[in-house]
Amino acid sequence: MNVKFLLMGALVVALAGCKGSATKNSTQAKTTETATEVVTKSNDFYGTYEGTLPCADCEGIKTTLTVNADSTYYIKSEYLGVKDGIFETNGVYHLLNGDLLELITPSSGKKTYYKILENSVMLSDEKGTINEGELAEYYVLKKN
């Protein structure tokens with residue numbers, strides 16, 4: 001009977017050791033995940049994004065946005081179903097708060113904002129507020 005208690009005690013000690021290790025590994029995973037998220041938002045947003053944005057008086061706006069490492073951008077907007085509805089602009093952008101692109105149209109000074117998400121950007125306001133309603137998915141451009 002003493003052997004049985006001894007084995008149960010050893011099992012409890014072994015399980016306690018595993019729990020401590022699991023907690024440590026979980027903490028390390030969370031730290032790594034946070035670091036990865038910061039890296040993603042700090043410099044992994046360069047590239048080309050595509051999608052079709054909603055349009056009040058057409059079938060949609062097929063949009064291609066290219067964000068370059070030199071703080072310039074190119075955007076092509078094609079208003080579907082509209083004759084001569086293709087517009088192209090090059091300009092500069094600023095990265096605000098590490099996750100908000102502020103695109104500046106050189107000819108007018110107009111500013112357009114995109115919130116940086118994982119492998120996508122989403123049209124937003126100047127504060128980075130994004131649409132969370134049932135049409136939210138239509139404001140996203142996905143990274144190629």
>> Suppose we screen for side chain to side chain donor-acceptor pair (under 3.5 Å). Which residues come up paired with Thr63, at least two apart in sequence or across chains?
In response: none
>> Does anything in residues 75-90 form a side-chain hydrogen bond (donor to acceptor under 3.5 Å, both in side chains)? List the pairs, not counting sequence neighbours.
In response: Tyr74-Glu88
> With a cutoff of under 4.5 Å between side-chain heavy atoms, which Ile, Leu, Val, Met, Phe, Trp and Tyr residues group with Tyr113?
Replying inline: Leu96, Leu100
> Hey, what do you get for CG (Leu141) to NZ (Lys62), rounding to the nearest 0.5 Å?
Replying inline: 12.5 Å
>> My understanding is that only residues two or more places apart in sequence, or in another chain, count here; which of them pass side chain to side chain contact (heavy atoms under 4.5 Å, CB included) with Val67?
In response: Phe45, Tyr46, Tyr49, Leu65, Tyr93, Leu101
> Should Ile75 and Ile86 be regarded as members of a common hydrophobic cluster, given that ILVMFWY residues are connected when their side-chain heavy atoms come within less than 4.5 Å of each other, either directly or indirectly?
Replying inline: no
>> Taking side chain to side chain contact (heavy atoms under 4.5 Å, CB included) as the definition, give me every residue that meets it alongside Asp70, ordered by chain and number, with sequence neighbours left out.
In response: Asn68, Thr72
Let me have the donor-acceptor pairs involving side chains of residues 120-127, under 3.5 Å, with sequence neighbours excluded, atom names and distances please.
unit_1: Asp125; atom_1: OD1; unit_2: Lys127; atom_2: N; d: 3.0
unit_1: Asp125; atom_1: OD1; unit_2: Gly128; atom_2: N; d: 3.0
unit_1: Asp125; atom_1: OD1; unit_2: Thr129; atom_2: N; d: 2.8
unit_1: Asp125; atom_1: OD1; unit_2: Thr129; atom_2: OG1; d: 3.4
unit_1: Asp125; atom_1: OD2; unit_2: Thr129; atom_2: OG1; d: 3.4

> CD1 of Ile130 to NZ of Lys115: how many Å apart, nearest 0.5 Å?
Replying inline: 7.0 Å
> Tell me, which pairs form a disulfide (SG to SG under 2.5 Å) where one or both residues lie in residues 100-144, sequence neighbours left out?
Replying inline: none
>> Listing request: all disulfide (SG to SG under 2.5 Å) pairs with a residue in residues 76-144, at least two apart in sequence or in separate chains.
In response: none
>> By the disulfide (SG to SG under 2.5 Å) test, which pairs, at least two apart or in different chains, include something from residues 48-137?
In response: Cys55-Cys58
> Quick one: side chain to side chain donor-acceptor pair (under 3.5 Å) partners of Asn131, sequence neighbours excluded?
Replying inline: none
>> Measuring from atom CG of Leu53 to atom OH of Tyr139, what distance do you get when rounded to the nearest 0.5 angstrom?
In response: 8.5 Å
>> Applying side chain to side chain contact (heavy atoms under 4.5 Å, CB included), can you list everything that pairs with Ser108, at least two apart in sequence or on another chain?
In response: Thr105, Lys110
> Given the rule that I, L, V, M, F, W and Y join up when any side-chain heavy atoms are under 4.5 Å apart, are Leu135 and Leu80 in one cluster?
Replying inline: no
> Hydrophobic cluster mates of Val92, side-chain heavy atoms under 4.5 angstrom, ILVMFWY only, any path?
Replying inline: Ile104
> More than 12 foreign heavy atoms under 6.0 Å from NZ of Lys143: is that the case here?
Replying inline: yes
> Given side chains that start at C-beta, do those of Lys142 and Asn144 come closer than 4.5 Å, heavy atoms only?
Replying inline: no
